[in-house]
Each structure stands twice: as C-alpha cells, then as structure tokens.
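This report refers to the structure that appears directly beneath it.
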Protein chains: 2
Amino acid sequence: MLSKSCIYGIQATIYVAANASQEFVPISQIASELKISFHFLTKVLQQLTQEGLMNSYRGPKGGVALAKPSTEITLYDLIGAIDGTSIFTECMLGLPGCGIAEPCPAHEHWTKIRNELTVIARRLTLDTMAKKAGELNVRLTDEFRYAQKLFPSIKPVNGAQA
Amino acid sequence: MLSKSCIYGIQATIYVAANASQEFVPISQIASELKISFHFLTKVLQQLTQEGLMNSYRGPKGGVALAKPSTEITLYDLIGAIDGTSIFTECMLGLPGCGIAEPCPAHEHWTKIRNELTVIARRLTLDTMAKKAGELNVRLTDEFRYAQKLFPSIKPVNGAQA
DNA sequence: CTTAATTTGGACAAAAGAGTCTGAAATCTG
DNA sequence: CAGATTTCAGACTCTTTTGTCCAAATTAAG
C-alpha cells in the first residue's frame, strides 16, 4: 500500500507536530522515539524538506520543523511528496489508458474507492492526526495507550490510565 | 497498490474467463495477447493453480482453465491468492497493534475505505469483469475499445464501432 | 514409438526498495 | 578559534520483486 519510507515520513511528521513546543526537533530524537533507523529516516525527511513541507536547520539546536502550520499539511501532501500521487490517480489493474472512455473491468468500483481515499487524505491534517496520537495533555485512555506505542517517551500524567 | 504479479494474474484470469469456449488456454497465448512475459506469467498462474483457483493440463491441447465457474471466483480470491489478504486487514500506517482499542491516527478513516474495498472485491466476480472486458459479442463501443487494449486479437464484429 | 506442445520446477539476473555507513558542510557554545 | 552537534550527500549492502532462461515431466497426435 504505502511504502515504508512514506509510513516513516507520516509518523515522523506526526511526532514533530505533536512536539510543537520544540522549535527544531533533531532527527536522532525522532528516530529513537519511533524506533526507526536514523540514517534512513534522515533520507525521508530530506525529501520532505526538498518538497517544501519541512524546514531544517544544521548544528546544535538544529533539526527539522514543519514548514507550515500543522493545520495546513494534509495526509495527501505527505503521501504525494514521498510516494507520489499515483495511488490517487491510477487504474487498479495498471492499465495506462483506463478512464471513462475505456474503463477497465474494475474501473467504476475502484474509482469510487480512490475518490473517497483522496477526499479523506486531503481533509486529514497533521494537526488532527497529532491530536489523536496523543499530546501529553490528552488523557483519554485509548489515545494515551496509542501514544505510548508511537511515542514511547510520553509518560502517563495524573488522571491518565495506562 | 497491487503487485505486478497480482495484476497479471487478474488480467490473465479475465482473459481465460472471456475465452470460455476453449477448454484449456495455453499460457503462451495469454502472454502474447496480454503482452506479458511468458515465463513470468507462468509463475503467477502456477500459484493460482496451487491455490486451487485454476486447473492446468500439460501437453498439446493443454493449458490452464478456471477451477470453478467464473461466477464463483471473486477479485478477493485472486488478490488473496497472489498478494495475500493483508491489504484488506492491515493498518494504513503499518502499526502492528492498531485496532479499535488502540487506533492509529488514520484508523477510523482507513478502516472505512478498507471495508468498502473488501465488500467490492468480494462481490466482483470474474464473470462480471470478463463481460466488461468484452467478449466478441459485446458491441458497446466503450467496452469494445477496452477489449482491444486488453485482448488485441479481438477484432471488430459487424455493428461494433472502433 | 517418435515428435511436438505444453506445464513444472529450479536456477539465475536485473531492478527497486530498504537499510547502513562515512565524510563534508553548517552552526552553536565556550 | 576549537570542538561538539546536527543536517546533507553520496556510496555501499541486503532483501524483495520482477523478469529471463533451461531442463525435465506430461500428454496428444501421427
């Protein structure tokens, strides 16, 4: 479905969005929290900075940051920047000319799914995903438990149940 | 999305279903019509016979045939046999424990899409797809034009417009 | 029985994806 | 300025997917 690079990129940007207090977040910190290879994640995030979705800064106190408010970066942007938009446009059977004029046997069904997927990806912002992933002040049990999986360093706060 | 192997397998079975007049269809014929590497397609179809979706027969007049009526083989069966069912079950972000109890940030949206995809794949039979792909007696222009792309050997019949 | 057509099965090569490593460039701190 | 921290850029390896090739087994037809 999505490539590993893409999944890592999405998880990392969610992490950065959730840590909005830090100006620049070091890639090493993201990699160790999310248990992703540091060097590999570096490549993925370089791609996101080259695509204009993130800013980076070298040296001590450096790292990466979102280039835009987290409310303005969508899942669609992230997928498009890493895996490309073909998942939102291509025929299920990979036939180059598939379209309304020359539909493939699965055309109508797949376009329906694909369009829904596109709408969802365009609407789902980093902001929304980061909130679900659990900032420290989110105390809902389910979300907190997820947060621990994605961000192991997050510790229970008073009132949160593990 | 789907692997090349899977796409080839789907196209080939559609072709076999559309050529129901032939008892066994040689793989060489399928490969040349669909412009797929013969040896590669051979592997894919071997997989489908091992999974019980097709029968094969060696020697002259041999080839492959559907193991069941084309009304009883679904897109879900084909995808499951070649790529596996993970596309119908897995988390979008690849998180192992993602579920109702510990949903990932895209969980609710992705499961909705995934479920629709599953329903469609389970309902879409080879029979239906083969009809759309254009048997010789289908004269609808759009479907015929598609048929020529997927099955180049199919020639216009009287009344069909190229 | 011989020949040709066909699948089967395995080995192998090429390409793409995933992951690792090293050195260079930039930047902060003292 | 010196040293530490960090991204940047490229080379390299490993694995999976894709694609190619060949010999063996099976079967129909003459």
Side-chain angles (χ1 to χ4, degrees), chain A residues 1-13 16 19 22-67 79 81-84 86-87 93-94, chain B residues 1-13 16 19 22-67 79 81-84 86-87 93-94:
Chain A
M1 190 64 205
L2 299 180
S3 70
K4 287 279 188 90
S5 296
C6 195
I7 290 172
Y8 292 162
I10 294 169
Q11 292 187 355
T13 48
V16 172
N19 285 44
Q22 283 182 274
E23 284 219 66
F24 285 96
V25 183
I27 300 177
S28 54
Q29 176 184 335
I30 307 172
S32 75
E33 291 260 359
L34 267 46
K35 301 198 173 63
I36 303 172
S37 151
F38 165 69
H39 294 284
F40 193 62
L41 183 58
T42 287
K43 294 238 169 111
V44 175
L45 295 185
Q46 265 177 40
Q47 211 170 339
L48 290 179
T49 64
Q50 285 163 2
E51 297 283 334
L53 292 176
M54 304 195 92
N55 292 327
S56 63
Y57 204 78
R58 295 197 226 190
K61 299 274 179 186
V64 293
L66 303 180
I79 294 175
I82 300 177
D83 276 357
S86 62
I87 190 179
L93 298 184
Chain B
M1 191 62 206
L2 298 181
S3 71
K4 287 277 189 92
S5 296
C6 194
I7 290 172
Y8 293 161
I10 294 168
Q11 292 186 356
T13 47
V16 172
N19 286 44
Q22 284 181 272
E23 284 219 67
F24 285 96
V25 184
I27 300 176
S28 54
Q29 175 184 337
I30 307 172
S32 73
E33 293 259 358
L34 268 46
K35 299 200 174 62
I36 303 170
S37 151
F38 165 68
H39 294 284
F40 193 63
L41 183 59
T42 285
K43 294 248 168 96
V44 175
L45 295 186
Q46 263 178 41
Q47 211 170 340
L48 290 179
T49 64
Q50 284 162 2
E51 296 284 335
L53 292 176
M54 304 194 92
N55 292 328
S56 64
Y57 202 78
R58 296 197 224 189
K61 299 274 180 183
V64 293
L66 302 180
I79 294 175
I82 301 177
D83 277 356
S86 63
I87 190 178
L93 297 185

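Every chain is numbered from 1, with letters handed out A, B, ... down the list of sequences. Here the structure is a predicted model, which means the values were calculated and not measured.
- Counting any heavy atom pair closer than 4.0 Å across all strands shown, B:Q47 reaches no nucleic acid atom.
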* Verdict with reasoning, A:T13 to A:L53, per side-chain contact (heavy atoms from CB on, under 4.5 Å) -> CA-CA 10 Å; A:T13 48; A:L53 292 176; over 6 Å; no
Could you list the protein-to-nucleotides 15-18 of chain D atom pairs, N/O on both sides, closer than 3.5 Å?
unit_1: D:dT18; atom_1: OP1; unit_2: B:K4; atom_2: N; d: 3.0

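- Between the CZ atom of A:F38 and the P atom of D:dT5 there is a distance of 13 Å, rounded to whole Å.
- Separating the CD atom of B:Q46 from the P atom of C:dT6 is a distance of 16 Å, rounded to the nearest angstrom.
- Closest heavy-atom contact between A:G63 and A:F24: O-CD2, 3.4 Å.
- As judged by a 4.0 angstrom heavy-atom cut-off over every strand, B:Q29 is placed among residues making no nucleic acid contact.
- Distance, B:F24 CZ to D:dA28 P: 10 Å, rounded to whole Å.
- Annotation for A:Q11 and B:L93: closest pair NE2-O, 3.5 Å, computed over non-hydrogen atoms.
- Counted within 6.0 Å of CD on B:E23, heavy atoms from surrounding residues, nucleotides or ligands total 12 or fewer; the atom is thus considered open.
- Of all heavy-atom pairs between A:S37 and A:A31, the closest is C-CB, 4.4 Å.
- We find that CE of A:M54 is positioned 11 Å from P of D:dC8, with the value rounded to whole Å.
- Rounded to an integer number of Å, the gap from B:Q50 CD to C:dT7 P is 14 Å.
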* Structure fact -> Reading nucleotides 22-30 of chain C from 5' to 3' and marking B where a protein heavy atom lies under 4.0 Å of the base, S where only the sugar-phosphate is that close, and - otherwise, the string is B--BBBB--
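- B:L41 has its side chain out of reach of B:L34: every pair of non-hydrogen atoms, C-beta onward, lies at least 4.5 Å apart.
- Smallest separation of non-hydrogen atoms from B:C6 and B:D83: CB-OD2, 3.3 Å.
- Among the atoms of the strands shown, only primed sugar atoms or phosphate atoms (P, OP1, OP2) are found under 4.0 Å from some heavy atom of A:I27.
- Atom CD1 of A:I87 is separated from atom CE of A:M1 by 3.0 Å, given to the nearest 0.5 angstrom.
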* B:L45 and B:I30: side-chain contact (heavy atoms from CB on, under 4.5 Å), yes or no, with the steps? -> CA-CA 11 Å; B:L45 295 186; B:I30 307 172; 4.2 Å; yes
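- Residues meeting the side chain to side chain contact (heavy atoms under 4.5 Å, CB included) test with A:S5, sequence neighbours left out: A:S3, A:F40, A:V44, A:I82.
- Neither OP1 nor OP2 of C:dA18 sits under 4.0 Å from any side-chain N or O of A:S37.
- The interatomic distance linking A:L41 (CG) with C:dG17 (P) rounds to 18 Å, in whole Å.
- A search for side chain to side chain contact (heavy atoms under 4.5 Å, CB included) contacts involving A:S56 returns A:T49, A:V64, not counting sequence neighbours.
- An OP1 or OP2 oxygen of C:dT7 is reached within less than 4.0 angstrom by no side-chain nitrogen or oxygen of B:T42.
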For nucleotides 10-13 of chain C, give me every protein contact, N/O to N/O, under 3.5 Å, one pair per line with atom names.
unit_1: C:dG10; atom_1: O6; unit_2: B:K43; atom_2: NZ; d: 3.4
unit_1: C:dA11; atom_1: N6; unit_2: B:K43; atom_2: NZ; d: 2.7

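- In this structure, A:L48 places its CG atom 15 Å from C1' of D:dC8, rounding to the nearest Å.
- In this structure A:Q50 satisfies the side-chain hydrogen bond (donor to acceptor under 3.5 Å, both in side chains) test with no other residue, sequence neighbours excluded.
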